[in-house]
Amino acid sequence: MNFSLEGRTYVIMGVANKRSIAWGIARSLHNAGARLIFTYANERFKKPVEDLVATLEGQNALFYECDVTNDEAVQHTFDQIKQDVGTIHGLAHCIAFADKEDLKGEFVETSRDGYLLAHNISAYSLVAVARAAQPLMTDGGGIITLTYLGGERVVQNYNVMGVAKASLDASMKYLANDLGKHRVRVNAISAGPIRTLSAKGIGDFNSVLKDIEEKAPLRRTVTQEEVGDTAYYLLSDLSRGVTGEVIHVDSGYNILGLS
Ligand code: NAD
């Protein structure tokens, strides 16, 4: 079995800057020989993403704007990708958003609008993207999304984003069931906390990192590269029998009981 990704094309959604988990995934797939397609939320991210990707030697990437809150924009993006490259072999969905106000204090204070916003961008978007991308995976393929322990357990300040991640995890499983007949696998990586633009919005994030360093079995936080290499596994034939799964890349933190 050949585990190189030469000759394969993957869509990476959610690179904002060099700290993004999506960027770690992009580098792992690039190192494995994949051709990459990047989507970004709006014009503001275009140049920074293009500049970052220019550092990937020999990468002949394509770029598209795609605001995942807009069904027409999502469909248009994948119509364009189909026109430009034809077949894709996988997709990494690395997108989430919630109002900063909803990422501190008590969950019970979450407004209806804040709840819907977080679910719209962070959970429903996977469904919309999977529906638009699947027809391009004519050789079968893999879809991965990024989740967090706060969707399985109560994590202080994670609040509405935890509830959205629970919805994302369930959506991932239902999608795995629907798309399996098209030879498309759908999985999630539950990453340990990593300092990124999105993480900045979470109240007292430093103490979350400190807790991992003190208590996780590996006694350290994880890196974008480590998440990237697990994404490579999930998007390659190495994981050909795996779908509907959540893999924790979190230094083992999720196995701990209360202390
Ligand atoms: P990031 O800020 O680098 O990436 C989030 C991305 O979501 C950005 O590129 C942003 O532009 C994009 N986005 C937001 N709204 C969008 C929209 N309407 N349309 C299209 N794109 C939109 O942060 P990150 O931490 O790399 O986040 C990537 C994923 O990883 C998220 O799902 C996040 O919840 C998850 N995650 C992060 C951590 C962590 O500690 N950083 C841990 C576990 C899971």
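As the structure lists them, so they are numbered: ligands from 1, and atoms in each ligand from 1.
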Next item on the list: Show the numbers, then the answer: is there a side chain to side chain donor-acceptor pair (under 3.5 Å) between Tyr253 and Asp211?
Entry: CA-CA 9 Å; Tyr253 187 78; Asp211 207 41; 2.4 Å; yes

Item checked: Evaluation steps, ring-ring contact (aromatic ring centres under 6.0 Å, His included), between Phe63 and Tyr40 -> CA-CA 8 Å; Phe63 302 87; Tyr40 49 86; 7.3 Å; no

Next item on the list: Could you walk me through whether Asp237 and Arg8 pass salt bridge (charged side-chain N to carboxylate O under 4.0 Å, His left out), step by step?
Entry: CA-CA 12 Å; Asp237 294 342; Arg8 294 197 183 184; 2.8 Å; yes

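The shortest N or O to N or O distance between Ser198 and ligand 1 is below 3.5 Å. Taking only nitrogen or oxygen atoms, main chain and side chain alike, Tyr148 does not reach within less than 3.5 Å of ligand 1. Taking any N or O of Ile21, backbone or side chain, at least one lies under 3.5 Å from an N or O belonging to ligand 1.
Distances from atom 39 (C) of ligand 1 to the heavy atoms of Ile194, Ile202, Ile12, Thr221 show the closest one on Ile194. Here the shortest heavy-atom distance to atom 17 (C) of ligand 1, taken over Leu126, Asn120, Ile212, Val68, belongs to Val68. The closest heavy-atom contact to atom 44 (C) of ligand 1, among the options Leu197, Thr147, Ile189, comes from Thr147. Of the listed options Ala98, Gly14, Ser190, Gly14 places a heavy atom closest to atom 9 (O) of ligand 1. For atom 24 (P) of ligand 1, the candidate residues are Thr145, Asn17, Thr196, Thr39; the nearest heavy-atom contact is made by Thr196.
Leu91 has its side chain out of reach of Tyr10: every pair of non-hydrogen atoms, C-beta onward, lies at least 4.5 Å apart. Considering only heavy atoms from C-beta on, Asn206 comes within 4.5 Å of Arg195 through its side chain. Contact annotation: the side chain of Val85 approaches that of Arg35 to within less than 4.5 Å [non-hydrogen atoms, C-beta and beyond].
Taking both residues in full, the closest heavy atoms of Gly203 and Asn157 are given as O-ND2, 3.0 Å, listed atom of the first, atom of the second, then distance.
Contacts between Tyr40 and ligand 1 below 4.0 angstrom, taking non-hydrogen atoms only, are absent altogether. Residue Asp67 touches ligand 1 through backbone and side chain together, judged by heavy-atom distances below 4.0 Å. When heavy-atom distances to ligand 1 are checked against a 4.0 Å cut-off, Cys66 comes that close only through its backbone atoms N, CA, C and O.
Every atom of ligand 1 with a heavy atom of Pro193 under 4.0 Å away is listed here by number and element: 40 (O). Listed by atom number, the atoms of ligand 1 under 4.0 Å from Phe45 heavy atoms are 11 (O). Of all atoms in ligand 1, listed by their number and element, those nearer than 4.0 Å to a heavy atom of Ser20 are 1 (P), 3 (O), 26 (O). Distances below 4.0 Å separate heavy atoms of Phe205 from the following atoms of ligand 1: 40 (O). For ligand 1, the atoms closer than 4.0 angstrom to any heavy atom of Gly192 are 40 (O), 42 (C). Ligand 1 places these atoms under 4.0 Å from at least one heavy atom of Ala16: 3 (O), 8 (C), 9 (O).
Other residues, nucleotides and ligands contribute over 12 non-hydrogen atoms within 6.0 Å of the CD atom of Glu214. Counting heavy-atom neighbours within 6.0 Å of Lys181 NZ, excluding the residue itself, gives a total above 12.
Contact annotation: Lys165 has at least one heavy atom less than 4.0 Å from an atom of ligand 1. Within the structure, ligand 1 lacks Trp23 among the residues with a heavy atom less than 4.0 angstrom away.
Shortest contact from atom 21 (N) of ligand 1 to any protein heavy atom: Ala41 CB, 3.5 Å. The single protein non-hydrogen atom nearest to atom 28 (C) of ligand 1 is Cys94 O, 3.3 Å, given as residue, atom name and distance. Protein heavy atom in closest approach to atom 7 (O) of ligand 1: Ile95 CA, 3.6 Å. Counting protein heavy atoms only, atom 31 (C) of ligand 1 is closest to Ala96 CB, 3.6 Å. Annotation: atom 15 (N) of ligand 1 to nearest protein heavy atom, Ile121 CG2, 3.5 Å. For atom 35 (C) of ligand 1, the closest heavy atom belonging to the protein is Leu146 CB, 3.7 Å.
Side chains of His76 and Glu65: a donor-acceptor N/O pair is absent below 3.5 angstrom, by distance only.
Note on Ile21: it does not cluster hydrophobically with Phe97, by side-chain heavy-atom contacts below 4.5 Å among ILVMFWY residues.
For the pair Asp229 and Arg27, the salt-bridge criterion is not met [side-chain N within less than 4.0 Å of a carboxylate O]. Salt bridge annotation for Lys47-Asp51: present, with a cationic side-chain nitrogen under 4.0 angstrom from a carboxylate oxygen. By the 4.0 Å N-to-carboxylate-O rule, Glu109 lies too far from Lys104 to be salt-bridged with it.
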